[in-house]
Amino acid sequence: MAAAGAAGAFAVGRATAPDGTTAAAAGSTTYPFRGVRQAGIVTPAQDRLHFVALDVTTDDRDALVRLLTAWTEAAERMTQGGSAGPVGPVEGAADAPPDDTGEAIGLPASGLTITFGFGPSLFRDADGNDRFGIADRRPAALEPLPLFSADVLDPARSGGDLCIQACADDPQVAVHAIRNLVRIGFGTTAVRWSQLGFGRTSTTSTSQSTPRNLFGFKDGTANIKAEEGPALDEHVWVAEDDDPAAAWLSGGSYLVARRINMTIEVWDRQSLDAQEQFVGRTKGSGAPLSGGKEFTEPDFGIKGSAGPLIPVDAHVRVVHPDQFDGVRMLRRGYNFVDGSNDVGGLDAGLFFIAYVRDPRTHFIPLQRAMSKSDALMEYLRFTSSALFAVPPGVGKGEYVGQALFA
């Protein structure tokens, strides 16, 4: 991405996004990297994702801080349409490697957002070591997620000391961002696992239409939207008094990542009526089976000749906020298709991402309820799981997560 291209993009015109950020005109949308919150949470969900979890390979606190500083500077440049390094992919010395890999030359920023998070093992590793002197600042809620029913987790695809979420409307822009951030981290971090995603499965703004998952159903109808300020404060953003030991996380959030393999071929053999009964919504309009339109609230009390119109094990009933004292989450997941599995079926499904104020109250109870009584669980296998603390936004002159290391 050439830095000059960013200036040209801003010259076209600007618009205000639902999260209060300023974006350039269509085709060259940019979101500022610095701000009160990290971008990529309530920012209108883009079409593509590249997510990576990394392990820190050094015990040197200063090296980690230098990396976070370098990542901050690179992310700020790339989100504005610039190159990963200060020189650029073709502007440096011919006898030295360029400081940008170059696959995004000529491409606009494409709404790129880059979001960083810290995993439980950054605070204490598997052997209990406090490598960076921050163990006493680990949030109480930042514990590895428990094992749930239908979990067939691959340890090599779970957890991580750090995570980076890159979202954009061009897959090459998202891949370029992660590739270059990983490259900058050589010698300090190593990739643990990563995931590509397409076709967002959630709506984070009222300006967006509801997308569909690989089961063919609309997904995220009741998702928290960027325009719902009070709901975000209640369910997404960590409050100052939530955890006195982790004041550095105030204004941030928790990122839950779960790779959900769907047994596509088995699902495809179910009747339309059975599929709708499992979900609790019509496949066409997304309306609840109790009647109305997509955004009509489900009425779980209406009965038909064979029982409740929305079955007791329907997904929409099992995970409805009414079952959890009104608790909600902000979902930001993506579809994935990673070729075929060892029996010839599609290795495909949903890469679930959710931002919550506290995973102990806003995610774990819901996942346990799904494991116990959700009809959809017969068609789902959870192959990856991770939890990260996402610090608040980055101010001028700061690096991401600076308050943790202050």
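Just so you know, residue 1 is the first one in the sequence shown, and it goes up from there.
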Between the side chains of [Y] and [X], is the shortest nitrogen-to-carboxylate-oxygen separation below 4.0 Å, so that they form an ion pair?
| X | Y | result |
| --- | --- | --- |
| Arg131 | Asp161 | yes |
| Glu143 | Arg138 | yes |
| Asp219 | Arg200 | no |

Please tabulate, one pair per line, all N/O donor-acceptor pairs under 3.5 Å involving side-chain atoms of residues 396-406, not counting sequence neighbours.
{"from": "Glu398", "atom 1": "OE1", "to": "Gly395", "atom 2": "N", "distance (Å)": "2.8"}
{"from": "Gln402", "atom 1": "OE1", "to": "Tyr399", "atom 2": "N", "distance (Å)": "3.1"}

- prompt: Considering the options Phe351, Tyr355, Phe352, which one meets the side-chain contact (heavy atoms from CB on, under 4.5 Å) requirement together with Arg332?
  reply: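 In the set Phe351, Tyr355, Phe352, the residue that makes a side-chain contact (heavy atoms from CB on, under 4.5 Å) with Arg332 is Tyr355.
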
field: Residue that, paired with Thr282, satisfies side-chain contact (heavy atoms from CB on, under 4.5 Å) out of Glu276, Glu294, Lys218
entry: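 Filter result, single survivor: Glu276.
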
- request: Using the salt bridge (charged side-chain N to carboxylate O under 4.0 Å, His left out) rule, take Asp130 and Arg61 through it: C-alpha gap first, then chi angles, then the decisive distance, then the call.
  value: CA-CA 11 Å; Asp130 179 8; Arg61 176 184 172 122; over 6 Å; no

query: So Cys163 and Phe116, side-chain contact (heavy atoms from CB on, under 4.5 Å) or not? Walk me through it.
result: CA-CA 6 Å; Cys163 77; Phe116 296 93; over 6 Å; no

query: Relative to the ring of Trp248, is the ring of Phe123 parallel (under 30°), tilted (30 to 60°) or perpendicular (over 60°)?
result: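 Parallel: the ring planes of Phe123 and Trp248 meet at under 30°.
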
query: Taking the six-membered ring for Trp, are Tyr379 and Phe278 parallel (under 30°), tilted (30 to 60°) or perpendicular (over 60°)?
result: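 Geometry flag for Phe278 against Tyr379: tilted rings.
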
field: Counterpart residues, ring pair (Phe, Tyr, Trp, His ring centres under 6.0 Å), relative to His50 (two or more places apart)
entry: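 So His50 forms no ring pair (Phe, Tyr, Trp, His ring centres under 6.0 Å) with any residue.
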
- prompt: Hey, would you say the Trp193 and Phe51 ring centroids sit under 6.0 Å apart?
  reply: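 Judged by ring-centre distance (under 6.0 Å), Trp193 and Phe51 do meet the cut-off.
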
- prompt: Does the ring center of Tyr254 lie less than 6.0 Å from the ring center of His362?
  reply: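 Centroid separation for Tyr254 and His362: 6.0 Å or greater.
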
task: Test Asn223 against Thr203 for side-chain hydrogen bond (donor to acceptor under 3.5 Å, both in side chains), laying out the working first.
output: CA-CA 7 Å; Asn223 198 33; Thr203 301; over 6 Å; no

- request: Just grab all the salt bridge (Lys or Arg N to Asp or Glu O under 4.0 Å) pairs involving residues 338-364, residues at least two apart or on different chains.
  value: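 Checked against salt bridge (Lys or Arg N to Asp or Glu O under 4.0 Å) - neighbours excluded - the pairs reaching residues 338-364 are Asp242-Arg357, Arg259-Asp338, Arg259-Asp347, Asp358-Arg360.
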
In terms of side-chain heavy atoms, does [X] have a donor or acceptor partner in [Y] at a distance below 3.5 Å?
| X | Y | answer |
| --- | --- | --- |
| Asn261 | Thr383 | yes |
| Ser385 | Arg258 | yes |
| Gln195 | Ser384 | no |

